[in-house]
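Inspection log for the structure reproduced underneath, given as structure tokens.
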Amino acid sequence: MPSNKLRKTVLAALIAELLTSVCASAQTAGEPVDAGPKVIVSGIRASLSSSLTTKRMQDGVVDAVSAEDAGKFPDTNIAESLQRVTGVQIQRNNGEGRYISVRGLGPEFNNVLVNGRTMTSDTGGREFSFDLLSSDLISKALVYKTSQPFLPEGGIGSTVDIQTARPLSGKVGHTSVVNVSDSWDSNSRKHTPNASGMYSFANEERTFGVTGSLSFTDRKSKQNKAVTDAWNYRDVNMINGDLNSKGLTMADVTTKKLYIPQSYGFQQEDETRKRLVGNLTVQYNPSPTWKLTADALYSRLDQENAVIAFSDWNNPQQLGVKYDSNNQITSFLRPGATFYANNPAIAGSGKLLGEANSNDMIVKGGDRLSTTRAFGLNSKWALAPEWKLEGDVSSSRTSSKSPDMWIVAGMVPKNGDVLTFNGTPSITFGDGIADPTAVRAHAVSFGDIRNTDKLHEGRLNLGWSHDLGYFKGLDSGVAYSQRNVGRSQWNSDSWNAFSGYHVALPASLFTVTPMDNFMGDGVQMPSAYLRFDPYAYMNYLNQPSLLAQSNDPALYSDKTKYPNGPMAIDYTKPNMWGVKEKVSSFFVDSKWEGEGWSANAGMRVVHVNSASTGISRTLLSAAKSPNDTTYILNYGPSSTTTVSNSYNSFLPSANVKFDLTSDMLLRLGASRTETRPTLNQMGVDNWYGGRYGDVQTGGGNPYLKPMESKNLDLSYEWYLSKTNYVSAAVFQKKVSNFLETKLVDLKIPQYDEVVHDTRVRNGQSGKIKGLELAGQYAFDSAIPWLQGFGVAANYTYVDAKATREGGDTSCGYPGLSPQSYNGSIFYENSKFSARVSYNWRNHFSVDCGGGSTMPRNRAAYGQTDASLRYNITPTLALYADAINLSNARMHEYALNESQFLTLEDVGRRVNVGLRMAF
């Protein structure tokens, strides 16, 4: 057995043994489970107990996170609470949880519902952004790991149902909760306010109730990054000499295929994130047999990112190249203008060094403005003792906008730079990079992107309870939804107008800015860099007097093509795509029960019709730029294309639950599930880019098929008390038609060379199997001197094999970590509670690369969080939450960890606040 597999097996066995030992030692022979001092179940215990009750009562394998009381969800972010569920991992956006992966399957494979309804997204796809919602309005989040016929299809990984507070499920009378807090970010060193409030009313008869909540979050943060864009395996021209060499010729150049980094540099992001979330629920019971519930939800996230990067761009012609036994570059010298002048035989137009090296400053678009509105009406009727009817209609709409910005200014250095790539990279700039008088113009990409997602859905479910031997009844239902996802993009045609560093820029456009030494001692970093306002930069270049210095003065001065100059966005020439998806479904689910067992078995049948439409400009030709290695693209008029697709799916599922003893359960599950292609992958749009010898194209694929999985689950659960339990589960998924980003080389008439076309395609198949271990224990009864303390822990191991065209199995599934675990230690009494949690996940693949570009992998990551609560009075509490106490940093690499890609420093975040209930 290979050593790494042996370590995984031993680790899994140890955790199982530890969990079993802890629970076994908690009970001596003949001693009742709840013996010992009386403990009031509140706070952390109440949340754990509620979640455990939910888990135990379900037909399938389900985990839950619950709020102890209104406005007291365990974390400030829903995703950060879900990461403590066994098998759930999260992906963060600038330090805040945004997406979840379950059992190794990424966010697009997890169906997220709010009160049983699908929510629209601001991503243009199906993956749900958890940072759009505030945790203050959530009462419970359920994670369904085994499929059931009543669940909407779409979740190969899981189905997550987020439930908001219901007034008739709470206290009678008037209740209010107010939270106010201050948030501090260690990198930005700024304080920002947060506030939320919830009001609830239920009359004495519990026939009418209303709950309203409002939450406002303001956060100012700063992220530091060291970045290499990619590693490529390509021919490298190695110049044999040093930075002082003179008179070199082509005889001093050798060529070898090597792994070479595309760039290296640093990036700073200053972010402001403001979120407003409101929710209103009204419940009315006209009679004891009829219940009505109406919901409305509003969310607005305004995220502004000032992103500036500065880096070396590494051409495949370098000086003094050194490489290791794996043909991976470990260091090189990057020649500057002085070297070019001293070696004219290899430098100059049309020669080996035909394009000057540069030190670039890049402004990237990072803003995000998202607005979501959702409405729903639910009606439940008890038609007769054996018959129940439920109807539900809902509507959801999300719109978002963001700038598409990649704006480059740079310097052509006189002296050479020294770069090393053996582990953590280092760079020594030969010239100062904070000289505002040395900056020249380069490429400008500027656009406006708008996303819309509209969804209308309705369902009607009929339940029949009947006691006929083992048969206990049927549930059935029909559902229909119509979803329209669209993306509109308008661009300027400015990319190649000034590319090539041949136009000097005024120093007044640039500001010298100090750089944080976030890499630590021993790593050389520049102490300062230059920032610039991208709009002022574009306005300067857009002046008619400057257009004479552009790469094609006649073209870019043509008012018929550029009435407002090449830097201005042309809103008369949209690039648009839209996908309309209509889904009809029917399900039937039979219920069975006997002595010590229960089961359900059924089928969900789905019919999907989709139409993908796109409006884009036709690429007529591509001409090489005179001052750069890019192409000047000539577009024709816009054209409209529509592609239709349809298919049927049959999704059977069954779950069996055995009561082994009064407190032990065994569950079996079998199902077939699917995930439809992410909607933004199904467009008919195309884009073009790249350089000489490396032309890149891509876009959507309207012919994608749904991904399918055949699933088997086995779960053992031992409930030691209302709070304590231990469980173990194994699962297997056989997947087919899996989607992944694939690169295909092809020829198109606009280019005289092969182009690399990258887009999402079907094709991957494979098997995912895994083990989950979990347990939680409050020591109140077992060990008196530990009264008030408790622990919770879980571990997940996933083994996955993927088969691709050509037999490649090295990359696996993007987003899948082989191992993950998290653990919490808590203490609680009537006045005080504290919890420290650690979450860790193994390395995983971000994407599999393609062509000459190597894969992108993310290294193992662990984060420590903590929370404190002190009850000043029964209605007034002081609290503090600390996120990323250990100041963990995200690291990405290519084929191996010495092929550095990214190191991200997001810092720590602390919230201190006051909660008032009255």
Side-chain angles (χ1 to χ4, degrees), residues 228-232 234-266 310-323 327-362 408-422 425-435 437-443 499-504 524 526 529 625-630 691-694:
T228 294
D229 289 331
W231 279 76
N232 299 305
R234 62 191 304 177
D235 288 329
V236 177
N237 297 307
M238 300 182 292
I239 307 169
N240 301 314
D242 58 35
L243 293 172
N244 298 316
S245 296
K246 298 180 180 180
L248 299 179
T249 67
M250 290 302 296
D252 298 300
V253 179
T254 58
T255 300
K256 185 176 178 61
K257 192 173 285 291
L258 298 171
Y259 294 99
I260 181 173
Q262 185 171 290
S263 64
Y264 180 64
F266 305 95
F310 50 99
S311 67
D312 274 354
W313 177 270
N314 302 325
N315 297 311
Q317 293 84 230
Q318 298 296 345
L319 183 67
V321 175
K322 295 182 180 179
Y323 55 91
N327 290 328
Q328 178 177 313
I329 284 181
T330 57
S331 67
F332 58 86
L333 307 172
R334 190 166 167 270
T338 300
F339 180 87
Y340 280 53
N342 289 337
N343 298 276
I346 59 173
S349 179
K351 298 182 180 179
L352 176 67
L353 295 177
E355 180 188 9
N357 284 323
S358 62
N359 295 328
D360 292 330
M361 291 157 288
I362 309 166
V408 187
M411 306 173 184
V412 177
K414 295 179 181 179
N415 302 299
D417 301 337
V418 180
L419 294 96
T420 60
F421 286 88
N422 190 9
S426 69
I427 183 170
T428 302
F429 290 100
D431 292 39
I433 63 165
D435 181 4
T437 65
V439 187
R440 296 170 173 266
H442 191 47
S499 61
Y501 309 97
H502 60 286
V503 176
Q524 185 170 348
Y529 65 99
S625 173
N627 292 301
D628 195 23
T629 58
T630 55
R691 295 168 175 262
Y692 308 167
D694 187 26

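No hydrogens, no waters, no symmetry mates; every other heavy atom, side chains included, goes into these values.
- Annotation: side chain of Asn327 is in contact with side chain of Lys256 (closest heavy-atom distance under 4.5 Å).
- Residues Arg334 and Ile427 form no side-chain contact, since every pair of their non-hydrogen atoms from C-beta on lies 4.5 Å or further apart.
- Closest of all the heavy-atom pairs between Ser245 and Leu248 is CB-CD1, 3.8 Å.
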Pair Gln262, Asn314 - check side-chain hydrogen bond (donor to acceptor under 3.5 Å, both in side chains), show working.
CA-CA 5 Å; Gln262 185 171 290; Asn314 302 325; over 6 Å; no
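- The backbone N or O of Lys322 lies less than 3.5 Å from a partner atom in the side chain of Thr330, making a donor-acceptor pair.
- Contact of the Asn240 side chain with the Thr254 side chain is registered, since non-hydrogen atoms from C-beta on lie closer than 4.5 Å.
- By the 4.5 Å heavy-atom criterion applied to side chains, Pro526 and Phe310 are counted as neighbours.
- Using a 4.5 Å heavy-atom cutoff, the side chains of Phe339 and Ile239 are in contact.
- Here the shortest heavy-atom pairing between Ser499 and His442 reads CA-ND1, 3.5 Å.
- The minimum heavy-atom distance linking Phe421 with Gln328 is given by the pair O-NE2, 4.4 Å.
- Paired with Asp417 under the rule side chain to side chain contact (heavy atoms under 4.5 Å, CB included), one option of Ile433, Leu333, Asn359, Asn357 passes, and it is Asn359.
- Looking at heavy atoms from C-beta onward, Met361 lies in side-chain contact with Val439 at the 4.5 angstrom threshold.
- Within the 4.5 Å cutoff, the side chain of Ser263 has no heavy atoms near those of the Asp312 side chain.
- The minimum heavy-atom distance linking Thr249 with Ile346 is given by the pair C-CG2, 3.4 Å.
- A salt bridge links Lys257 to Asp235: one of the charged nitrogens lies within less than 4.0 Å of a carboxylate oxygen.
- No donor-acceptor pair under 3.5 Å is formed between the side chain of Asn315 and the backbone N or O of Gln317.
- Taken to the nearest 0.5 Å, the CG atom of Asp229 stands 12.0 Å off from the OH atom of Tyr264.
- The heavy-atom pair separating Tyr340 from Ala347 by the smallest distance is O-CB, 3.7 Å.
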